[in-house]
Amino acid sequence: MDLVEPYLRMSKTGWMVLKAIFRNMWDYEYVPAYIISRDAKMSQEKVETLLRKLADEGIVTNKYTEYLGSSFTFMGLSIYSLHLQVKKGRVSMIGKLMGEGKESVVYNCMSRDEEAVIKFHRVGYPSFKKVKKKRDYGTLHFTVLTIRSARNEYQALKKLYGKVPVPRPISWEGNSVLMELIDAKELYRVKLENAEEVLNMILDEVASMYKAGIVHGDLSQYNILVSEEGIWFIDFPQSIEVREEGFQDILKRDVENILTYFRRSYGIEKDMNEALERIVEECRSSEWT
Ligand SMILES: Nc1ncnc2c1ncn2[C@@H]1O[C@H](COP(=O)(O)OP(=O)(O)OP(=O)(O)O)[C@@H](O)[C@H]1O
Ligand SMILES: [Mg+2]
């Protein structure tokens with residue numbers, strides 16, 4: 001997905017309309033045109049013309065009921081979030097697309113003088129119904145869920161940075177998280193010579209994470225980066241706090257994923273319960289059974 005071209009094509013009035021949608025989307029799945037008109041101080045006619053144009057460009061989706069209402073698409077929410085990062089002086093240049101998956105689009109960028117990464121979340125979109133059913137999010141729609149997911153990732157990174165090797169979080173705006181660029185490759189793309197040592201390093205860091213109060217929740221060979229310099233953990237939107245409901249099962253699944261990967265790829269056998277006990281020992285949680 002190209003964000004730069006639609007970003008550059010936006011007009012000043014277009015940004016004003018997006019700002020009004022952003023401000024009101026907490027209250028309305030489709031923000032009524034009259035609310036946008038009031039917020040952006042623009043005639044309703046002008047707002048409706050702009051909304052139709054933005055819909056043609058894939059930035060919003062409009063719904064016609066008793067009134068015309070408008071909602072962000074993933075692209076629209078992403079360019080508005082990028083706009084906020086740029087306005088706050090945190091992003092000065094967008095570089096190449098680094099990854100595009102089901103749940104995110106990741107770009108290389110410049111933040112002040114530093115090379116960084118900006119990740120645009122899209123949890124729940126377009127498969128929003130599935131997510132809603134699975135976790136009972138009530139009436140929350142994809143924009144709100146996506147922003148929550150970005151916030152959760154940013155907060156986990158903030159909590160862990162300095163304690164566990166994770167990218168340094170720089171900022172969070174809308175569905176975007178800006179963070180340090182790690183110069184390393186995903187574990188699954190690397191042939192390790194010291195696999196056992198790396199596995200132990202990973203388990204030690206999972207213990208440090210646990211001690212810091214976080215369970216990753218999607219730990220796998222895809223979300224661990226490795227280089228000569230060390231290992232890093234990425235991808236935290238689904239992380240949960242230790243003591244949140246069900247955290248034990250999630251920790252167990254995380255550890256299981258890693259042990260399975262090392263068993264299949266390197267023939268290393270490690271006992272699941274021993275590995276878990278070692279992690280939990282670090283914290284001596286009384287709630288652990
Ligand atoms: N801080 C970073 N430094 C370097 N590369 C990164 C960084 N963050 C993400 N990446 C790259 O972008 C990819 C996707 O990021 P991440 O794992 O956070 O998102 P994701 O939700 O897994 O996306 P997907 O929808 O593809 O599953 C990573 O596999 C990695 O290659
Ligand atoms: Mg990932």
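Order of appearance sets the numbers: ligands from 1, and atoms from 1 within every ligand. Keep in mind that the numbers below use all heavy atoms, side chains included, and drop hydrogens, waters and symmetry copies.
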Test salt bridge (charged side-chain N to carboxylate O under 4.0 Å, His left out) on Arg168 and Glu114; report intermediate values, then the result.
CA-CA 12 Å; Arg168 177 173 52 82; Glu114 177 191 0; 2.6 Å; yes

If you scan protein heavy atoms around atom 9 (C) of ligand 1, the nearest is Ile234 CD1, 3.9 Å

For Lys102, the atoms of ligand 1 under 4.0 Å from one of its heavy atoms are 25 (O)

Of the backbone and side-chain N, O or S atoms of Ser220, does one lie nearer to the Mg ion (ligand 2) than 2.8 Å? no

* May I ask whether Gly99 places a heavy atom under 4.0 Å from ligand 1? => no

Discussion item. Checking the N or O distance criterion of under 3.5 Å, is ligand 1 in contact with Ile182?
Written reply: yes

One finds that the ligand 1 atoms under 4.0 Å from a non-hydrogen atom of Met179 are 1 (N)

For Arg23, does the CZ atom sit with more than 12 other heavy atoms under 6.0 Å from it, leaving out its own atoms? no

Between Phe74 and the options Ile59, Ile79, Thr143, Val105, the side chain to side chain contact (heavy atoms under 4.5 Å, CB included) test singles out Val105

Requested in this report: State whether any protein heavy atom lies less than 4.0 Å from atom 17 (O) of ligand 1.
Outcome: yes

Of all protein heavy atoms, the one nearest atom 6 (C) of ligand 1 is Met98 CE, 4.2 Å

for atom 22 (O) of ligand 1, nearest protein heavy atom and its distance come out as Asp235 OD2, 2.7 Å

For Pro167, the atoms of ligand 1 under 4.0 Å from one of its heavy atoms are 1 (N)

for atom 23 (O) of ligand 1, nearest protein heavy atom and its distance come out as Ser104 OG, 2.9 Å

### Message
I'd like to know whether NZ of Lys19 has more than 12 heavy-atom contacts from other residues, nucleotides or ligands below 6.0 angstrom.
### Response
no

protein heavy-atom neighbour closest to atom 24 (P) of ligand 1 works out as Gly101 CA, 3.8 Å

**Request:** Output, in order, the C-alpha distance, side-chain angles, deciding distance and verdict of salt bridge (charged side-chain N to carboxylate O under 4.0 Å, His left out) for Glu256 and Lys252.
**Result:** CA-CA 6 Å; Glu256 209 157 22; Lys252 196 168 160 193; over 6 Å; no

Start with the C-alpha distance between His121 and Glu153, add both sets of side-chain angles, then the distance that settles side chain to side chain donor-acceptor pair (under 3.5 Å), and finish with yes or no.
-> CA-CA 10 Å; His121 288 242; Glu153 174 154 61; 2.8 Å; yes

*Could you walk me through whether Lys53 and Glu57 pass salt bridge (charged side-chain N to carboxylate O under 4.0 Å, His left out), step by step?*
CA-CA 6 Å; Lys53 185 163 164 282; Glu57 292 169 346; 3.7 Å; yes

Can you label the angle between the Phe22 ring and the Trp26 ring as parallel, tilted or perpendicular, going by 30° and 60°?
-> perpendicular

Checklist entry - Can you check side chain to side chain donor-acceptor pair (under 3.5 Å) on Ser70 and Asn62, steps first, answer last? => result CA-CA 4 Å; Ser70 194; Asn62 296 329; 2.8 Å; yes

Using a 3.5 Å cut-off on N or O atoms only, is Glu103 in polar contact with ligand 1? yes

Just so I know, are the side chains of His216 and Gln238 near enough to count as touching, which here means a heavy-atom distance under 4.5 Å?
yes

With heavy atoms and a 4.0 Å threshold, my read on which part of Asn223 contacts ligand 1 is side chain

**Asked** Is Asp183 atom CG crowded by more than 12 heavy atoms from other residues, nucleotides or ligands, each under 6.0 Å away?
**Response** no

Under 4.0 Å from one or more heavy atoms of Glu186, ligand 1 contributes atoms 28 (C), 29 (O), 30 (C), 31 (O)

Logged contact type for Val117 with ligand 1, heavy-atom cut-off 4.0 Å, is side chain

Below 2.8 Å, any N, O or S contact between Asp235 and the Mg ion (ligand 2)? yes

Please determine whether ring-ring contact (aromatic ring centres under 6.0 Å, His included) holds for the pair Trp15 and Tyr7, giving the CA-CA distance in whole Å, both sets of side-chain angles, and the decisive distance to 0.1 Å. CA-CA 10 Å; Trp15 286 127; Tyr7 179 91; 5.3 Å; yes

Heavy-atom proximity to atom 13 (C) of ligand 1 ranks first, among Asp218, Leu181, Val106, for Val106

Going by the 4.0 angstrom heavy-atom rule, the piece of Glu180 near ligand 1 is backbone

